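When reading the values below, keep in mind they use all heavy atoms of this one structure, side chains included, and skip hydrogens, waters and symmetry mates. Remember, it's a predicted structure, so these values are computed and weren't measured experimentally.
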Amino acid sequence: MICRFIAFNSSKVSRILSPFPSLLSTKSSFSVAKLDDELLSTTNITSDHKDCLYQEVLSGMKKTGFREYLHGHLFRGLVSGLKQTHVEEIMSELMDESPDLSVWFFKELRDIYGFRHSRFSTLLVSHILAGQRRFKELQAIMEQLLQEEGKSTPFVFSSFSVESSGSAYLICEVLSKSFRNWDSTNVVWDMLLFLSSRLKMVDDSLYILGKMKDLSLNVSTQAYNSILYNFRDTDKMWDVYNRIDGKNEHTYSTVVDGLCRQQKLEDAVFFLRASEWKDIGPSVVSFNSIMSTYCKLGFVDMAKSFFCTVLKCGLVPSVYTHNILINGLCLAGAIEEASGLVGCMNKHGVEPDTVTYNILAKGYHLLGKISLASEVIKQMLDKGLSPDVITYTISLCGQCQLGNIDEGLRLLNDMLSEGIELKSVIPCSVMLTGLCKTGRIEEALSLFRDMKANGLSPDLVAYSIVIHGLCRLGEFEIAVWLYDEMCSKRILPNSRTVGAMLLGLCQKGMLLEARAHLDSLISAGYRLDIILYNIVIDGYAKSGCIEEALELFRVVIKSGITPNVATFNSLIYGYCKTLNIAEARKILDAIKLYGLVPSVVSYTTLMNAYANRGDTESVDELRLEMKAKGITPTNFTYSVIIKGLCIGKKLTKYKQVLRDMISKGITPDQVTDNTIIQSLCRVKDFSRAFEMFEVMKSPTPATYNILIDGLCFHGCIEKADSFLNSLQERDVSLSKFAYTTLIKAHCVKGDPETAAKLFLQLLDRGFDVCIRDYSAVINRLCRRKLTNEAKFFFRLMLSRGVSPDLDICRVMIRSSDVFAWTIKSGLLLISSNQRNGLLSHLIC
DNA sequence: ATAGGGTTAG
């Protein structure tokens, strides 16, 4: 499209166009297309030239029809270099003619050309819109202004930028300098105040409020309410409240909500009654806040009675009111009642919504009834309601808890592909938990990276989940790295993150370091919670350092921190580990002295110690005590009981135990099955053991090991061989242990050839073969005087880059003539210390 | 303005 514009014989233009005689020759008028193509694409033209040209062109446009030029070829070329000052100038001039045209020009530049307007232009348009009472549009452009101002304010820490008071300052300057006498100025100031407060720019809003007071401008109730809202959980709430002249329903319900958040529930109820005297009366919203607080504190009955009060006051309970109560009932475990209330919502004139169903689904989830949770979600979809992020998150959580991690990953993908914006890190955190708990740490880390790449910055919880997962798997280095990264992002670790780190240290056996870290936190003045102490106490107990565990326990008591069951359970474990069951038993009684109730873990730990001794009577005694106290045994408990039967030579009773489990609704898991199979193997009942194995739905590598070990133990090596073969043919996943067990057996039996064959398979399949695996074989071969064969393995070891240790050399030396050979082929590899040790051994 | 989703020791 070609536009023509009337020529203006300005000297400026002639000067600019002097390098282009062909253009100047047209003199009175010229083609815009020509100008566009020839002039602007020429590199000769300087920015000064362009600047003059814009001014001329724009003033030319002002004189003729604007709209035409704006869409013209020329303008599109020019707009990339258009300055904010030019636009301000044009808009000011346009105002005299038509404010509407000015607004149109503003929007057109912004929406079609993506032009970023100045503070002045934006505020100019704001005033026009305010004057015309176009509040929606006013709100939209001012909100954008505030947000962009916040982003470009330079002097802030990234995480606090929203709250810095730099953004409002410049806007206020322009407002008070250029727009003081406009009719709509109060409206614009008030809108600015309201929006800054609603965007949680608290400092900015206070600055604006101060300025407005200086200028004697009116502050609307809406703006004040928003400020009040931001201060509702602090003492300053009343200061704001007292400044509000025209208090309304929102003001009162915000105060009630604030008091609830400040844990001043009685004050809230009192205030609600007091506001009843005022002409408007209480609102449902206030009741909702109070009910919600009672529910969170665990007093559903109070919430219920307030629900009745709402009805008595002649108010109508809203969907919120219902949802709050339904949620309270679910948290209290009263799922039936909750479900009933959902059913009668329509009688109260409201319909359940997505939130209602989400609450109900979560309620079932909390009770472990995950299939019913999915059922609720299905109902919701049938009703034509659409799932939201939270619905997906609840399903995701359920799938992960069922162990269906891949299904979880699929759900997360579905969510993204259906265009549901995640908005928060929570769905990813749920997925991270699932991955970490199943040891899929690599995938967790890659999801963590993806989150960052997609602009979802992990928060404290997300970091804690991954750090904890890493520590549990002993990946301490990456954990420390992430911990530092988190701190550098100004995300302060909390007790849970610290706990993860302590756990990592303990699991690596670095108890001294863990204790030092704990002590340093104590002396830095942190009040540590019991969980942190428990982690270290448990670390001591697991390593059999019962004295240290007790010492730290005494520190806990001395500090006035209340221990919990887990603390005592660790002590029980520590005593059991050091074979002091009498003391362990005393700890069980001590739990009661502290007013605590022993848990399944307390009993199971102690039962395990008795079971290892074959003391089935004591196991039974504890089992009855549990039953009397209404403590439900777990799968773990039953496995311990079965193990006890086996060691106590009373295995015949195992079917009885299985029946008992099933009657209690506990499905035997793989560990139970493995325990039974192992027990049957010990008593050489292979037919039953294999029978059990055949019916197992999903045997684990441990199952195979147990069977192979059992067969070898009773000398049935051929059977073990063919079993391993059959497993290899079925291509099931075998662990190293399956091979090494069989290899050892062949060494003992004196069949080094088969041992060697299997050993080579082990290496072939890429297992991590360590010195202990070699020494196990060499030891046994030497004992059987199979020196040549031992030499074979010794050479194999050296060829694989594994250095012999002192013990292995001793063994080789002891078996007669191999001394010289050992020295020749490998001893040089050992350290001088080891060599000295060897020499002293030889002298003896 | 009021409701719903994620982390911890045995």
Is A:Lys542 close enough and on-axis enough to A:Tyr573, meaning under 6.0 Å and within 45°, for cation-pi? yes
Compute whether any side-chain donor of one residue and acceptor of the other, for A:Thr221 and A:Asn248, lie under 3.5 angstrom apart. no
Below 3.5 Å, does any donor atom in the side chain of A:Asn569 face an acceptor in the base of B:dA9, or the other way round? no
In terms of ring plane angle, is the pair A:Phe307 and A:His348 parallel, tilted or perpendicular, where the classes change at 30° and 60°? tilted
The nucleotide from B:dA1, B:dG10, B:dG6 with an atom nearest the side chain of A:Glu249 is B:dA1
Of the nucleotides B:dA9, B:dG5, B:dT2, which one has an atom closest to the side chain of A:His468? B:dA9
From the set B:dA3, B:dT7, B:dG10, return the single nucleotide nearest to any side-chain atom of A:Val355. B:dA3
Give the nucleotide from the list B:dT7, B:dA9, B:dA1 with an atom nearest to the side chain of A:Val285. B:dA1
So if I take every side-chain heavy atom of A:Val319 and compare against B:dA9, B:dA3, B:dG6, which nucleotide ends up nearest? B:dA3
Classify the side-chain pair A:Arg515/A:Tyr540 by whether it contains a donor and acceptor separated by less than 3.5 Å. yes
Would you indicate which nucleotide in B:dA3, B:dT2, B:dG6 comes nearest to any side-chain atom of A:Val461? B:dG6
Starting the side chain at C-beta, find the nucleotide from B:dG10, B:dA9, B:dT2 nearest to A:Asp257. B:dT2
Can you find a donor-acceptor pair, distance only, under 3.5 Å between A:Thr604 side chain and B:dG10 base? no
Per atom distances to the A:Asp353 side chain, the nearest of B:dA3, B:dT7, B:dA9 is B:dA3
Side chain of A:Ser253 only, please: which of B:dG6, B:dA1, B:dA3 is the nearest? B:dA1
Closest to side chain of A:Arg261, choosing from B:dA1, B:dT2, B:dG6: B:dT2
For the side chain of A:Arg440 and the backbone of A:Ile405, is there at least one donor-acceptor N/O pair under 3.5 Å apart? no
Look at all strands and tell whether A:Thr497 reaches a base, only sugar-phosphate, or nothing, counting heavy atoms closer than 4.0 Å. nothing
Please confirm whether the shortest side-chain N or O distance from A:Lys437 to OP1 or OP2 of B:dT8 is below 4.0 Å. yes
With a 4.0 Å limit, can you tell me whether A:Arg232 has a side-chain N or O closer than that to the phosphate oxygens OP1/OP2 of B:dT2? yes
Please determine if a side-chain N or O atom of A:Tyr603 lies less than 4.0 Å away from the OP1 or OP2 oxygen of B:dG10. no
